[in-house]
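Step one of this worksheet: look at the structure below.
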There are 4 protein chains.
Amino acid sequence: MLYICIVNKKEKILTAALELLVEKGIHNTPMSAIAKAASTGMGTIYNYFPNKEILINEIYLRIKEDEKSAFVAFDTSMPIKTQFENYSTSIINFFINNPSYFKFMEQLQASPIITQESRAEGNKSIEPVALLLKQGQQERIIKNIAIDEILMFIGGAVLSYLRWYFSQSKTSATSLKNQTQMVWDAIKE
Amino acid sequence: MLYICIVNKKEKILTAALELLVEKGIHNTPMSAIAKAASTGMGTIYNYFPNKEILINEIYLRIKEDEKSAFVAFDTSMPIKTQFENYSTSIINFFINNPSYFKFMEQLQASPIITQESRAEGNKSIEPVALLLKQGQQERIIKNIAIDEILMFIGGAVLSYLRWYFSQSKTSATSLKNQTQMVWDAIKE
Amino acid sequence: MLYICIVNKKEKILTAALELLVEKGIHNTPMSAIAKAASTGMGTIYNYFPNKEILINEIYLRIKEDEKSAFVAFDTSMPIKTQFENYSTSIINFFINNPSYFKFMEQLQASPIITQESRAEGNKSIEPVALLLKQGQQERIIKNIAIDEILMFIGGAVLSYLRWYFSQSKTSATSLKNQTQMVWDAIKE
Amino acid sequence: MLYICIVNKKEKILTAALELLVEKGIHNTPMSAIAKAASTGMGTIYNYFPNKEILINEIYLRIKEDEKSAFVAFDTSMPIKTQFENYSTSIINFFINNPSYFKFMEQLQASPIITQESRAEGNKSIEPVALLLKQGQQERIIKNIAIDEILMFIGGAVLSYLRWYFSQSKTSATSLKNQTQMVWDAIKE
DNA sequence: AATGAATGAGACTTCATTCAT
DNA sequence: GATGAATGAAGTCTCATTCAT
């Protein structure tokens with residue numbers, strides 16, 4: 001089998017698993033169903049992922065990876081507020097365009113299935129934001145609060161906005177603007 | 001058996017269940033473990049709760065009930081900002097004083113186990129806040145954004161603060177103040 | 001409590017149990033349901049019947065008892081054919097008038113729950129018929145076949161007629177006559 | 001695994017289940033016991049049969065299938081009485097040679113576990129007999145009674161004969177002849 | 001590498017029976 | 001005698017994982 005096929009097989013499993021996990025929930029998604037949806041045998045999944053938890057962690061890491069690559073690097077020539085707005089908007093649009101990513105994160109955010117390693121790895125995606133905030137604090141644009149606390153605040157705001165977004169049948173065009181405004185007002189000096 | 005004993009038995013089950021659920025996660029907490037922890041037979045649990053999901057929903061509702069009663073009514077003679085700070089502080093302290101309540105909510109927030117009925121019932125606890133915000137908007141103190149969106153924002157901020165709080169080994173005394181400040185700055189006009 | 005009450009209590013239990021057993025089936029009829037239907041506590045049932053199987057056997061014996069008393073003694077001055085027809089008709093009418101008796105027997109006929117003792121006791125109800133048949137054989141009216149075999153044949157015919165009767169929505173008036181005719185033709189010399 | 005093995009596994013389960021069901025009764029035969037007797041894991045049974053009831057229905061249908069194939073087609077050149085005797089004898093011998101089939105049918109005849117679909121399917125096995133009887137009625141050899149009623153009568157007679165047969169320790173060679181005689185006398189004009 | 005039938009531990013749930021009141 | 005809450009053994013069924021092919 002060609003290399004490209006093997007890649008496809010692993011990808012197919014990850015994709016099928018994600019789709020089922022967000023649709024049915026983790027504990028209503030047996031490995032057999034994933035195998036079926038990915039058109040593979042159950043044993044094949046175990047060739048790529050030693051067990052179900054590792055498969056799920058890998059999905060988690062893929063999403064975080066994707067999240068990172070979706071955000072184009074900060075343009076440091078721009079004002080911090082602009083940079084922040086760009087980040088905030090792009091991260092939210094990322095999840096709006098990938099609803100299953102959001103549903104997956106919602107479901108697994110607090111789950112003991114995601115290991116400390118995965119979380120640590122995943123948190124790397126916000127490092128650039130931490131740097132931006134730090135710079136903002138030096139310039140006395142951002143409140144002088146522990147970076148961790150601010151980051152958590154922003155994260156919570158993003159999640160809650162998305163939660164609200166997906167619960168609405170129709171979203172006003174201004175809601176994202178409102179959201180960005182609120183977050184900025186919250187963290188700005 | 002005395003009436004007081006019967007009450008204790010149900011309470012013991014709810015307490016034991018909560019403790020185990022937050023410690024091990026829902027799907028690593030078999031009913032048998034709950035029975036053992038509550039020092040009852042497994043059948044006894046089913047005398048009080050028709051099934052596991054209903055038991056979990058009842059815990060959810062108990063917490064919401066407790067949450068409501070923990071918050072003393074708004075003192076409408078006070079400025080809106082003060083009222084909001086009181087609310088914000090009391091809700092956060094409530095969960096800080098009941099860490100397992102928070103862990104339970106974290107885990108079940110997005111779970112399909114919590115029924116629509118439970119959620120609707122639970123949401124009643126934020127009605128007074130909605131009213132306060134509406135009044136604040138009329139007085140042009142609060143941003144003119146859909147109440148739903150603001151409420152979701154506040155909820156997300158509270159959760160993320162608590163998440164941060166419990167992840168810290170040592171919390172600075174000012175962090176809660178910072179948090180309250182950020183939220184207020186976010187929603188104020 | 002008055003004696004009459006105690007009697008009533010036992011009867012109520014037996015009646016409620018019969019009703020539920022034929023409606024839901026033995027294994028969908030918990031003792032708790034019987035207690036509820038009989039408006040007693042579960043413990044009370046165990047005061048009268050050591051366990052569920054004994055309760056069921058007692059119902060069986062009651063029906064057999066009732067069956068015996070429902071059939072008026074043979075009038076030996078009548079022709080044997082007439083006596084047999086009377087018997088056949090009365091036994092069938094007995095079950096037609098007590099459908100739950102029939103449904104109970106259908107369900108428990110072949111069940112290991114009914115003990116050998118109960119069966120032996122129950123078979124006493126057909127002793128007069130055995131005597132009648134014996135007499136008929138001596139008079140060369142009835143086929144010279146082992147009484148046991150004939151009795152089983154008649155029993156099977158009665159059951160199958162009733163089964164057919166209860167499966168019909170509308171029964172022709174002649175069907176019982178046909179049935180009696182068939183059985184008589186079968187056993188007559 | 002070879003195809004022949006797979007077939008064997010399903011057959012082994014069906015055979016083991018039948019053996020246990022007739023020996024212990026349905027409700028004293030846990031799936032675990034069937035698995036043990038069939039030398040499989042419990043899960044294997046559920047690979048072939050979605051649940052216990054379906055397993056039992058499949059046994060029922062297998063027996064009916066077997067019953068059909070055991071009876072060679074009517075030889076229409078023979079007199080109706082001969083054809084009927086052949087049928088009657090072959091059906092009884094079928095069950096005498098397969099005692100567990102009989103015990104199974106005895107136990108499940110009136111059970112709600114056997115679905116309407118299974119019953120309908122199973123009843124196909126008596127269609128040829130219905131046709132034979134109809135022809136007999138046209139030739140005025142068989143009594144002019146609803147075919148349904150006659151069929152039920154014959155079925156009851158067969159069952160009761162078998163019941164008697166298996167209750168005897170020693171059976172006279174003539175009993176089957178007697179039985180056939182009785183049934184024929186019952187239904188003949 | 002790919003497969004999927006086989007496995008059995010373990011989940012949820014029921015219910016006959018007991019026993020303190 | 002009457003009660004019914006408490007019990008836990010035992011039932012049905014699921015599913016992560018293995019391994020022979």
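Values in this document were obtained by computation on a predicted structure and should not be read as measured data.
Atoms CG (D:Asn8) and P (E:dA6) sit 11 Å apart, rounded to a whole Å. Residue D:Tyr48 contributes atom OH, which lies 6 Å from atom C1' of E:dA5 at whole-angstrom precision. Atom P of nucleotide F:dT17 and atom NZ of A:Lys52 are separated by 8 Å, given to the nearest angstrom.
Listed by residue number, there are no residues of residues 106-118 of chain C with a heavy-atom contact under 4.0 Å to DNA chain F. Across residues 17-39 of chain D, not one residue has a non-hydrogen atom less than 4.0 Å from an atom of DNA chain E.
Remark: D:Tyr46 is not in phosphate contact with F:dC15, judged by side-chain N or O atoms under 4.0 Å from OP1 or OP2. In terms of phosphate contacts, B:Thr44 brings a side-chain nitrogen or oxygen within less than 4.0 Å of OP1 or OP2 of F:dT7.
In this structure a side-chain-to-backbone donor-acceptor pair under 3.5 Å is missing from D:Glu106 to D:Arg163.
Of the candidate nucleotides E:dT7, E:dA2, F:dA2, E:dT7 has the atom nearest to the side chain of D:Asn47.
Nearer the 5' end of DNA chain F, as judged by each residue's closest nucleotide, is the contact made by B:Thr40, out of D:Glu53 and B:Thr40.
With a cut-off of 3.5 Å on both Watson-Crick or G-U wobble distances, the partner of E:dA6 is given as F:dT17.
Proximity of B:Lys64 to B:Met105: side-chain heavy atoms (C-beta onward) are separated by under 4.5 Å at one or more points.
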